[in-house]
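All values below were derived from every heavy atom in this structure, side-chain atoms included, with hydrogens, water molecules and symmetry-related copies excluded. These numbers were taken from a predicted model, which means no experiment stands behind them.
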Amino acid sequence: MNIKMVMRIVAYILVLEIGLMIPACLISAVDGEWVSVHAFLVSFVIIGIVAGIILLLTRKAEKGHFYSREGLVTTGLTWIFMSALGCLPFVISGEIPHYIDALFEMVSGFTTTGSSILTDVEAMSRGMLWWRSFSHWVGGMGILVFLMAIVTLGGKNQGFTMHIMRAESPGPASGKIVPKMKQTAKITYLIYMGLTLLDIIFLVAGGMPLFDACTCAFGTAGTGGFGIKADSMASYSPYLQNVTTVFMLLFSVNFSIYFLILTGRIKDAFCDQEFKLFWATVFAAIALITVNVRPLYDTLATALRHAAFTVGTIISTTGYATTDFNLWPSFSKTIILFLMLVGACAGSTGGGIKQVRVLILFKSLRRNIHKFLHPSEVCKIGYNGRAMDESIISNINAYLIAYVMIIVASVLIVSLDGFSFETNFSAVMATFNNIGPGLDAVGPTSNFFAYSDLSKIVLTMDMLAGRLEIMPILILFSASTWKKAR
């Protein structure tokens, strides 16, 4: 294990984290929020000292030895360090005085979950609200991918970029848009920034204040869902809600689809099997929920708007809300739970199991049934016109086993707090799939404040495991990871 190089990259990210906090500090200064300014400045010093010590201790790090194990450990440690130190402004300012609560909020931000412990979000200063929402944008595409896009760590050795992108990027496999991973990271971030800017323009054009538009776009782009109002998106106009619906869904699509469209390969983009499954799921869910909730609203248009927004916010795992879907019929809430499970596309900023995994699992089931009937026949699973590598299918099966085991263990632990099964199960699903709101006591009009510290720690780890696709966290805490190879 090249622990020195691993920690050196962690230190680079901590330095970058200071830079990412500066806009929030400046907003606090402009508003005269001197308590917040002080909290940010003290945080800069603490994070800078930690990063400086790590850089000093790792100055002789060996760059040449960096493989898959190092990539996974780097990713896990980076997200833990970022969250553990990134929450300091909340604690120091006293706006979230309890460290476990602040850590929960920060992890929820970076992992683009949007679950919150805040009982009065509008009481927070604008600087803290900016940092809280901006953490969604930072975590959406991956902070390590951003570092790989702007910094060359390994010279001609592409192991850094390749292994880190594979560990941090969402989906069963990190695909290349172009042959070089570094260029892939740059293109991905350019598309990400372009869509975010476009979202802000549409929101401002609809009359939303610039501060609100930026924070809303950060949550939409990262599919995070931290609102700056107590009612999330409910008090905004139908136009602004519809714009947010569209962009939540756009950010749920694999970013390689946009690259194909931009380079004129439109047919390849629209023939992608995951792309087609995603939109089929979206339109079917909107239609079914609209019919089911129609009696609750004055007009069909209103029912359709709330149904479309809710489907968009859940399947993209964003977590904004325009209505309390806790009050909807059981049929609609069951569809919502299904969408929580499936989630967005691989290679997007959304969470969940991912559409491509569900598609491959169904294909794998169909193949197994076929092999029972024709045991001697060789049968490959096809995806987008190509035979899928069996190692990917094996990894998906392993992911599913880990996914179920973590959910079962988490639900058992949080059940100690005495809430209903619906509350506990949806709380775990909402955090593990990086969605935000759950059902019952953790629904869209509630929060996670009432859970004990133990449950908050469990749900915090669920958020990290869900965002990093489980394996980096499992490998980080595996004893064999740290043993020397014989």
Side-chain angles (χ1 to χ4, degrees), residues 112-113 169-175 223 248-257 269-289 310-319 332-371 379-408 425-426 428-435 438 462 465-471:
T112 73
T113 302
S169 298
S174 178
T223 60
M248 286 189 297
L249 292 172
L250 290 177
F251 281 105
S252 303
V253 173
N254 191 321
F255 276 54
S256 64
I257 297 294
F270 286 95
C271 287
D272 182 87
Q273 292 181 4
E274 183 187 33
F275 182 77
K276 291 190 291 186
L277 175 63
F278 172 75
W279 287 110
T281 304
V282 167
F283 290 128
I286 291 174
L288 292 170
I289 290 176
T310 302
V311 169
T313 197
I314 296 298
I315 199 168
S316 68
T317 69
T318 301
S332 292
K333 290 197 288 185
T334 302
I335 294 175
I336 288 171
L337 278 174
F338 169 74
L339 297 178
M340 284 183 182
L341 185 71
V342 175
C345 299
S348 71
T349 59
I353 289 179
K354 303 292 185 302
Q355 298 276 330
V356 66
R357 284 198 180 97
V358 174
L359 181 61
I360 292 170
L361 285 169
F362 273 116
K363 288 184 177 231
S364 181
L365 175 62
R366 186 174 63 183
R367 180 179 68 169
N368 287 347
I369 293 172
H370 184 82
K371 290 194 74 173
C379 187
K380 290 279 187 179
I381 292 178
Y383 181 73
N384 288 340
R386 297 180 181 178
M388 178 153 284
D389 193 320
E390 291 296 325
S391 64
I392 295 178
I393 299 168
S394 176
N395 289 338
I396 289 174
N397 291 332
Y399 172 89
L400 187 62
I401 293 170
Y403 182 92
V404 172
M405 290 176 66
I406 291 172
I407 286 177
V408 171
F425 181 74
S426 65
V428 171
M429 292 293 290
T431 51
F432 192 31
N433 291 305
N434 307 133
I435 293 162
D462 284 344
R467 171 57 183 85
L468 299 179
E469 305 278 299
I470 300 177
M471 290 307 167

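Formation of a donor-acceptor pair under 3.5 Å by the Arg467 side chain with backbone atoms of Gly351 is not found in this model. Judged by distance alone, with hydrogens and angles left aside, the side-chain atoms of Glu274 form a donor-acceptor pair with the main-chain N or O of Ala346 at under 3.5 Å. Side chain of Thr431 to backbone of Asp462: no donor-acceptor contact under 3.5 angstrom is found. Judged by distance alone, with hydrogens and angles left aside, the side-chain atoms of Asn384 form a donor-acceptor pair with the main-chain N or O of Gln273 at under 3.5 Å. At distances below 3.5 Å, not a single donor-acceptor pair connects side-chain atoms of Thr313 with backbone N or O atoms of Thr310. A donor-acceptor contact shorter than 3.5 Å links the side chain of Lys363 to the backbone of Gly382. Between the side chain of Gln355 and the main chain of Val342, no donor-acceptor pair closer than 3.5 Å is present.
Side-chain contact between Leu341 and Tyr403: present, with at least one pair of heavy atoms (C-beta onward) separated by less than 4.5 Å. Side-chain contact between Ile381 and Ser364: present, with at least one pair of heavy atoms (C-beta onward) separated by less than 4.5 Å.
The CE atom of Met405 sits 10.5 Å away from the CD1 atom of Ile470 when rounded to the nearest 0.5 Å. If you take CG on Leu288 and OG on Ser332, they are separated by 8.5 Å, rounding to the nearest 0.5 Å. In this structure, OG on Ser348 lies 11.0 Å from CD1 on Ile257, to the nearest 0.5 angstrom. Going from atom CD1 of Ile396 over to atom CD1 of Ile353 covers 10.5 Å, rounded to the nearest 0.5 Å. Here the straight-line distance linking atom CD1 of Ile289 with atom CD1 of Ile314 works out to 9.0 Å at 0.5 Å rounding. If you take CD on Glu390 and CD1 on Ile392, they are separated by 9.5 Å, rounding to the nearest 0.5 Å.
For Asp272 and Asn254, the side-chain atoms include no donor-acceptor pair closer than 3.5 Å.
Contact record, Ile393 with Met388: CG1-CG, 4.1 Å, taken as the closest heavy-atom pair. When all heavy atoms are compared, the tightest approach of Phe275 to Ala269 is CD2-O, 3.8 Å. Across all their heavy atoms, Thr112 and Thr349 have their closest contact at OG1-O, 4.0 Å. In plain terms, the two heavy atoms of Ser252 and Ser316 that are nearest each other are OG-CB, 2.8 Å. The two atoms that bring Gly352 and Tyr399 nearest to each other are O-OH, 3.9 Å, heavy atoms only. Residues Ala387 and Lys380 come closest through the heavy atom pair CB-CB, 4.2 Å.
Between Thr223 and the choices Thr113, Leu249, Ile315, Thr317, the side-chain contact (heavy atoms from CB on, under 4.5 Å) rule is met once, by Thr317.
A side-chain hydrogen bond (donor to acceptor under 3.5 Å, both in side chains) check over residues 275-286, counting only residues at least two apart or in different chains, returns nothing.
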**Asked** Could you walk me through whether Asp389 and Tyr383 pass the side-chain hydrogen bond (donor to acceptor under 3.5 Å, both in side chains) check?
**Response** CA-CA 10 Å; Asp389 193 320; Tyr383 181 73; over 6 Å; no

